[in-house]
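Okay, structure first, notes after.
The sequence lines fix the lettering, A, B, ..., with proteins before strands; numbering per chain opens at 1.
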Amino acid sequence: MILPVDFYRRPTLDVARDLIGKVLVCKSKQGVTAGAIVEVEAYIGEDDPACHAAAGPTERNAPLYGPPGRAYVYLNYGLHDMMNAVTEEEGHPAAVLIRALEPLEGLALMRRRRSRAPWRKGKASVSDHELCRGPGNLCRAMGITLTDNTRPLTRGPLTIHDKGIQHGEIVWSQRIGIRVGTEHQWRATVYNHRSVSGKR
DNA sequence: CGTTCGATGCACT
DNA sequence: GTGCATCGAACGT
């Protein structure tokens with residue numbers, strides 16, 4: 001079952017918690033890839049200094065202010081695409097960053113895409129549980145790019161499904177990789193899951 | 001263990 | 001011109 005728009009039109013922390021265990025599916029000409037979400041972070045409103053909406057509306061962060069249930073994809077550090085699911089009512093800028101997946105489908109395609117990254121030309125291939133470990137890696141493995149920005153997650157090539165997957169315990173911790181807004185415990189992970197990014 | 005740093009693009013000031 | 005919601009290798013302790 002594809003998650004309906006109303007799933008996303010809720011408090012962002014609730015959406016973040018409930019996205020754990022849901023399945024992100026991406027269809028492309030090259031094939032289908034899918035993975036279960038095991039790590040997310042919430043970015044909530046203009047008062048959250050780490051949220052892209054902190055400085056008010058701009059052309060880039062416009063999707064955050066738009067309707068819920070759509071993708072907000074942007075380029076970071078010049079080489080990594082980051083994928084978010086927009087939450088809350090229209091006009092309330094907030095989203096959940098998808099940070100890691102447990103690969104379920106299309107692993108060979110994921111591995112092919114990962115090996116094409118500029119910094120790993122000629123390097124050893126990636127083990128299964130590392131294919132979608134980290135927000136940049138996940139987008140590369142799934143083939144998610146800026147062209148997916150603003151696309152609805154309720155239909156089309158990029159969707160999120162409830163397949164009844166039950167992972168282990170969900171743990172809340174500080175968001176990682178940011179310089180401001182670290183006081184909030186807005187990162188949800190599956191406890192001890194191998195595909196979760198960060199230190200072991 | 002820890003820290004540093006190169007690869008790389010673009011929105012924002 | 002600056003600074004990122006990164007990745008992974010190359011160092012130093």
Side-chain angles (χ1 to χ4, degrees), chain A residues 8 12-13 15-17 19-20 24 35 37-66 70-88 92-101 103 110-150 153 158 171-189 193-200:
Chain A
Y8 302 95
T12 304
L13 293 178
V15 177
R17 182 232 302 134
L19 276 175
I20 298 287
L24 181 63
I37 298 170
V38 296
E39 177 184 4
V40 296
E41 283 177 359
Y43 289 87
I44 310 174
E46 295 179 346
D47 292 335
D48 174 4
C51 182
H52 282 182
T58 65
E59 192 171 336
R60 175 170 80 145
N61 66 26
L64 289 175
Y65 291 83
R70 290 172 175 262
Y72 169 47
V73 183
Y74 69 95
L75 190 66
N76 195 33
Y77 292 102
L79 20 115
H80 302 293
D81 294 291
M82 303 274 139
M83 187 222 156
N84 299 254
V86 175
T87 61
E88 314 257 357
H92 294 247
V96 175
L97 170 68
I98 313 296
R99 288 194 56 95
L101 308 175
M110 290 181 182
R111 184 165 289 109
R112 214 177 313 140
R113 286 171 172 152
R114 284 292 308 275
S115 65
R116 228 177 284 139
W119 58 89
R120 52 175 34 259
K121 279 198 290 259
K123 296 289 192 297
S125 73
V126 189
S127 62
D128 285 0
H129 71 274
E130 287 181 342
L131 284 169
C132 300
R133 185 173 188 261
N137 286 336
L138 155 184
C139 285
R140 182 164 290 272
M142 299 283 290
I144 297 169
T145 65
L146 290 174
T147 64
D148 294 303
N149 193 27
T150 73
L153 299 171
L158 190 60
V171 182
W172 290 92
S173 57
Q174 283 187 345
R175 295 177 291 181
I176 61 178
I178 52 174
R179 319 272 301 217
V180 292
T182 52
E183 65 273 16
H184 297 119
Q185 311 260 309
W186 285 351
R187 173 174 177 248
T189 58
H193 197 287
R194 287 181 310 171
S195 294
V196 170
S197 69
K199 290 186 303 186
R200 272 290 137 80

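Remark: side-chain polar atoms of S195(A) are paired, donor with acceptor, to backbone N or O of H129(A) under 3.5 angstrom. Within the 3.5 Å criterion, the main-chain N or O of V73(A) finds a donor-acceptor partner in the side chain of N149(A). Looking at R114(A), its side chain does come within 3.5 Å of a backbone N or O of E130(A) through a donor-acceptor pair.
Note: CE (M82(A)) to P (dG9(B)) measures 15 Å, nearest angstrom. We find that CD1 of I98(A) is positioned 15 Å from P of dT6(C), with the value rounded to whole Å. H80(A) places its NE2 atom 4 Å from the C1' atom of dT6(C), with the value rounded to the nearest Å. What separates CD of E39(A) from C1' of dC7(C) is a distance of 14 Å, to the nearest Å. Look at CZ on R116(A): it is 16 Å from P on dT8(B), rounded to the nearest Å. Rounded to whole Å, the distance from CG on L79(A) to C1' on dT6(C) is 7 Å. In this structure, Y77(A) places its OH atom 15 Å from P of dC5(B), rounding to the nearest Å. At whole-Å resolution of the value, CD1 in I176(A) and C1' in dC4(C) are 15 Å apart.
Listed in residue order, the members of residues 42-52 of chain A having a heavy atom less than 4.0 Å from DNA chain C are Y43(A), A50(A), H52(A).
Looking at heavy atoms from C-beta onward, L24(A) lies in side-chain contact with I144(A) at the 4.5 angstrom threshold. Between W186(A) and L13(A) there is a side-chain heavy-atom pair separated by less than 4.5 Å. Looking only at side-chain heavy atoms (C-beta outward), D148(A) and M83(A) stay at 4.5 Å or farther from each other.
Distance from the side chain of R114(A) is smallest for dG8(C) among the nucleotides dA5(C), dC7(C), dG8(C).
Within the nucleic acid shown, N84(A) comes within 4.0 Å of at least one base atom, counting heavy atoms only. The residue G78(A) sits close to a base: some heavy atom pair falls under 4.0 Å. Residue contacts for R179(A): at a heavy-atom cut-off of 4.0 Å it reaches the sugar-phosphate backbone alone, with no base atom in range.
One P atom belongs to dA5(C), the other to dT13(B), and the distance between them is 13 Å to the nearest Å. dG8(C) and dC10(B): their C1' atoms are spaced 23 Å apart (whole Å).
When all heavy atoms of R60(A) and L75(A) are compared, the pair lying nearest together is NH1-O, 4.2 Å. L146(A) approaches Y74(A) most closely through the heavy-atom pair CD2-CA, 3.5 Å. When all heavy atoms of C132(A) and M110(A) are compared, the closest pair comes out as SG-SD, 3.7 Å.
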Extract from the structure each pairing of a protein N or O with an N or O of nucleotides 10-12 of chain B at less than 3.5 Å, listing the distance.
{"from": "dC12(B)", "atom 1": "OP1", "to": "T58(A)", "atom 2": "OG1", "distance (Å)": "2.1"}

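Side-chain N/O atoms of N76(A) include none lying less than 4.0 angstrom from OP1 or OP2 on dG3(C).
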Side-chain donor-acceptor pairs under 3.5 Å in residues 37-51 of chain A, sequence neighbours left out?
{"from": "E39(A)", "atom 1": "OE1", "to": "S197(A)", "atom 2": "N", "distance (Å)": "2.8"}
{"from": "E39(A)", "atom 1": "OE1", "to": "S197(A)", "atom 2": "OG", "distance (Å)": "2.9"}
{"from": "E39(A)", "atom 1": "OE2", "to": "R99(A)", "atom 2": "NE", "distance (Å)": "2.9"}
{"from": "E39(A)", "atom 1": "OE2", "to": "R187(A)", "atom 2": "NE", "distance (Å)": "2.9"}
{"from": "E39(A)", "atom 1": "OE2", "to": "R187(A)", "atom 2": "NH2", "distance (Å)": "3.0"}
{"from": "E39(A)", "atom 1": "OE2", "to": "S197(A)", "atom 2": "OG", "distance (Å)": "2.9"}
{"from": "E41(A)", "atom 1": "OE1", "to": "Y43(A)", "atom 2": "OH", "distance (Å)": "2.6"}
{"from": "E41(A)", "atom 1": "OE2", "to": "I176(A)", "atom 2": "N", "distance (Å)": "2.9"}
{"from": "E46(A)", "atom 1": "OE2", "to": "Y65(A)", "atom 2": "OH", "distance (Å)": "2.5"}
{"from": "D48(A)", "atom 1": "OD1", "to": "A50(A)", "atom 2": "N", "distance (Å)": "3.0"}
{"from": "D48(A)", "atom 1": "OD1", "to": "R175(A)", "atom 2": "NH2", "distance (Å)": "3.0"}
{"from": "D48(A)", "atom 1": "OD2", "to": "I44(A)", "atom 2": "N", "distance (Å)": "3.1"}
{"from": "D48(A)", "atom 1": "OD2", "to": "R175(A)", "atom 2": "NH1", "distance (Å)": "2.8"}

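Taking a pair to require two hydrogen-bonding distances under 3.5 Å in either a Watson-Crick or a G-U wobble arrangement, dA5(C) remains unpaired.
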